[in-house]
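Order of the sequence lines sets the chain letters (A, B, ...), proteins ahead of strands, with each chain counted from 1.
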2 protein chains.
Amino acid sequence: MSDGYHHGNLRQALIDAGIKIINESGEDGLSLRKVAAACGVSHAAPYAHFKDKEELVEAIKASVNEQFMEELEQAAAGAKNAEGALINMGRSYVTFFVRNPDYFRFLFGSQNIIAHPRPDKRFKEDYPPFTLLKDTYQKYLKEKKLKKKKEEQELDVIRLWSSAHGLAAIACMPGVETSFDWEEKKIWAVLLR
Amino acid sequence: MSDGYHHGNLRQALIDAGIKIINESGEDGLSLRKVAAACGVSHAAPYAHFKDKEELVEAIKASVNEQFMEELEQAAAGAKNAEGALINMGRSYVTFFVRNPDYFRFLFGSQNIIAHPRPDKRFKEDYPPFTLLKDTYQKYLKEKKLKKKKEEQELDVIRLWSSAHGLAAIACMPGVETSFDWEEKKIWAVLLR
DNA sequence: CGCATATCTTGACAATGTAAAGATGTGCGG
DNA sequence: CCGCACATCTTTACATTGTCAAGATATGCG
């Protein structure tokens with residue numbers, strides 16, 4: 001059932017091929033026709049599974065986001081307490097994108113930034129990594145027996161997020177890796193304060 | 001000399017038209033042919049001034065970067081001391097991109113991030129806003145009579161930059177503006193700690 | 001078995017980037 | 001003033017790409 005006219009699981013194959021192409025030549029190298037060709041299928045075949053090129057791109061983003069989310073969860077799980085989880089997550093946030101800078105631009109570079117769950121939902125309410133951060137932060141507060149106002153809590157979370165995200169952004173910029181290498185200790189030092 | 005076959009100053013006109021288009025429809029709406037049409041000129045005319053579409057895009061980026069840099073300089077100049085300059089710059093960094101989110105994606109979203117001075121040069125050595133930040137930070141150290149190791153200084157600068165940049169990135173994400181509005185007080189609170 | 005449907009192919013079209021060849025104006029040396 | 005080199009612009013052409021429509025092919029269900 002997987003040969004000849006019908007592919008078997010073309011949808012996933014297209015997503016995988018898309019990821020491969022992005023890893024090799026960045027998002028610019030990504031075209032519907034190339035993805036189709038990489039799956040040995042005609043140029044219009046993707047339209048049986050995706051309404052748009054955009055819909056394919058969003059599916060690829062979702063896949064990359066899952067991979068990203070897994071690393072974050074693993075980082076959080078590998079800590080002894082909530083504070084350690086926060087630190088680990090921050091480090092993972094940066095190292096994940098340092099390892100594949102194209103992913104950073106792919107996920108955060110275009111218009112509709114994160115379409116993982118639903119594009120119509122707000123980023124801060126619906127983006128799983130952000131939810132994980134908020135939950136971990138809450139555990140951290142309990143752990144340290146800290147009482148803070150809602151507003152202050154939100155600022156804290158934004159602070160954590162933006163420092164990790166900003167650091168990842170800088171680390172992903174071309175021509176940065178040589179003059180400042182992002183080994184773990186330095187990342188840790190920047191994030192921690 | 002400005003009518004008929006020769007345009008007068010087509011190069012600048014193309015850049016301006018490009019900026020206008022980006023403001024209206026984002027970078028996706030930007031095509032060489034549209035830019036040319038907006039200047040009332042044939043679709044191949046730009047090739048007399050730019051080798052590539054990319055070269056035009058880089059010129060547009062340079063122009064936007066100049067605008068950005070001006071605002072940062074103004075923000076720094078409007079402070080009484082270096083510490084105030086740092087705070088003002090951080091606030092301006094965010095508000096500039098909050099005012100035009102398309103610029104953020106345009107400047108930092110694509111592959112060759114910042115080609116303002118020369119793409120072959122390193123970001124941290126050659127990007128004017130970064131230089132301004134480093135200088136202001138040095139003044140701040142003198143002002144406060146602080147002595148720090150080179151390494152620690154570099155970390156501080158990265159910290160300042162990445163927190164502002166990360167905050168701008170989050171603020172520019174679609175669907176964020178409603179649930180958390182980036183009025184000056186909040187930006188200030190996030191950046192300052 | 002036969003049919004509705006999902007899946008895929010083929011062919012076409014418009015938009016785009018780009019190159020080549022030629023037209024047109026500008027300015028400079030004579 | 002003339003003519004010529006050069007910059008600028010147009011026209012034409014072509015490859016790539018996203019998208020659509022029409023048709024072919026397989027799959028599963030009654």
Side-chain angles (χ1 to χ4, degrees), chain A residues 1-61 102 105-106 109-112 115 119, chain B residues 1-61 102 105-106 109-112 115 119:
Chain A
M1 56 154 160
S2 77
D3 240 324
Y5 221 84
H6 279 56
H7 184 281
N9 192 359
L10 181 58
R11 191 192 145 89
Q12 191 56 44
L14 290 168
I15 293 175
D16 293 343
I19 292 180
K20 194 176 189 181
I21 290 181
I22 288 177
N23 274 321
E24 287 163 358
S25 14
E27 194 176 1
D28 283 354
L30 190 77
S31 83
L32 260 188
R33 291 170 111 103
K34 278 184 200 159
V35 174
C39 296
V41 109
S42 95
H43 61 265
Y47 284 88
H49 302 272
F50 304 98
K51 157 179 153 287
D52 251 347
K53 179 188 183 182
E54 194 188 330
E55 217 173 81
L56 168 60
V57 169
E58 295 311 327
I60 298 177
K61 270 187 193 162
D102 277 327
R105 287 184 281 272
F106 178 59
S110 38
Q111 278 71 0
N112 30 358
Chain B
M1 60 162 157
S2 77
D3 239 324
Y5 221 84
H6 280 56
H7 184 282
N9 193 358
L10 182 57
R11 191 191 145 91
Q12 191 57 45
L14 290 167
I15 294 175
D16 293 343
I19 292 180
K20 195 175 187 181
I21 290 181
I22 287 176
N23 274 322
E24 286 164 358
S25 15
E27 192 174 2
D28 283 352
L30 189 77
S31 82
L32 261 187
R33 290 170 110 104
K34 278 183 200 161
V35 173
C39 296
V41 111
S42 97
H43 61 264
Y47 285 89
H49 302 272
F50 304 97
K51 157 177 152 285
D52 251 349
K53 179 188 183 182
E54 195 187 332
E55 218 174 78
L56 168 60
V57 169
E58 295 310 329
I60 298 177
K61 270 187 194 164
D102 277 327
R105 288 185 282 273
F106 179 58
S110 38
Q111 279 70 1
N112 30 359

How many angstroms lie between OG in A/Ser31 and CD1 in A/Ile21, if you round to the nearest 0.5 Å? 6.5 Å
In Å and rounded to the nearest 0.5 Å, what is the CD to CG distance from B/Glu58 to B/Asp52?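 Here the rounded value is 9.5 Å.
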Between [N] ([atom2]) and [X] ([atom1]): distance, integer Å:
| X | N | atom1 | atom2 | answer |
| --- | --- | --- | --- | --- |
| A/Leu10 | D/dT27 | CG | P | 15 Å |
| B/Phe50 | D/dC9 | CZ | P | 11 Å |
| B/Arg11 | D/dC9 | CZ | C1' | 17 Å |

Qualifying residues under side chain to side chain contact (heavy atoms under 4.5 Å, CB included), relative to A/His43, sequence neighbours excluded: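 With sequence neighbours excluded, A/His43 shows a side chain to side chain contact (heavy atoms under 4.5 Å, CB included) to A/Arg33, given in chain and number order.
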For the residue pair [X] and [Y], establish whether any side-chain heavy-atom pair is separated by less than 4.5 Å.
| X | Y | answer |
| --- | --- | --- |
| B/Lys20 | B/Ile22 | no |
| A/Glu27 | A/Val57 | yes |
| B/Phe50 | B/Leu14 | yes |
| B/Ile60 | B/Phe106 | yes |

Contact pattern, 5' to 3', of nucleotides 12-20 of chain C - B, S or - by protein heavy atom under 4.0 Å: B---BBBB-
Per the end-axis method with five pairs at each terminus, what is the bend angle of the helix from C/dC1-D/dG30 to C/dG30-D/dC1, to 10°?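 Answer rounded to 10°: the end axes differ by 10°.
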Closest heavy-atom contact between B/Lys51 and B/Glu55?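 The answer is N-OE1, 3.0 Å.
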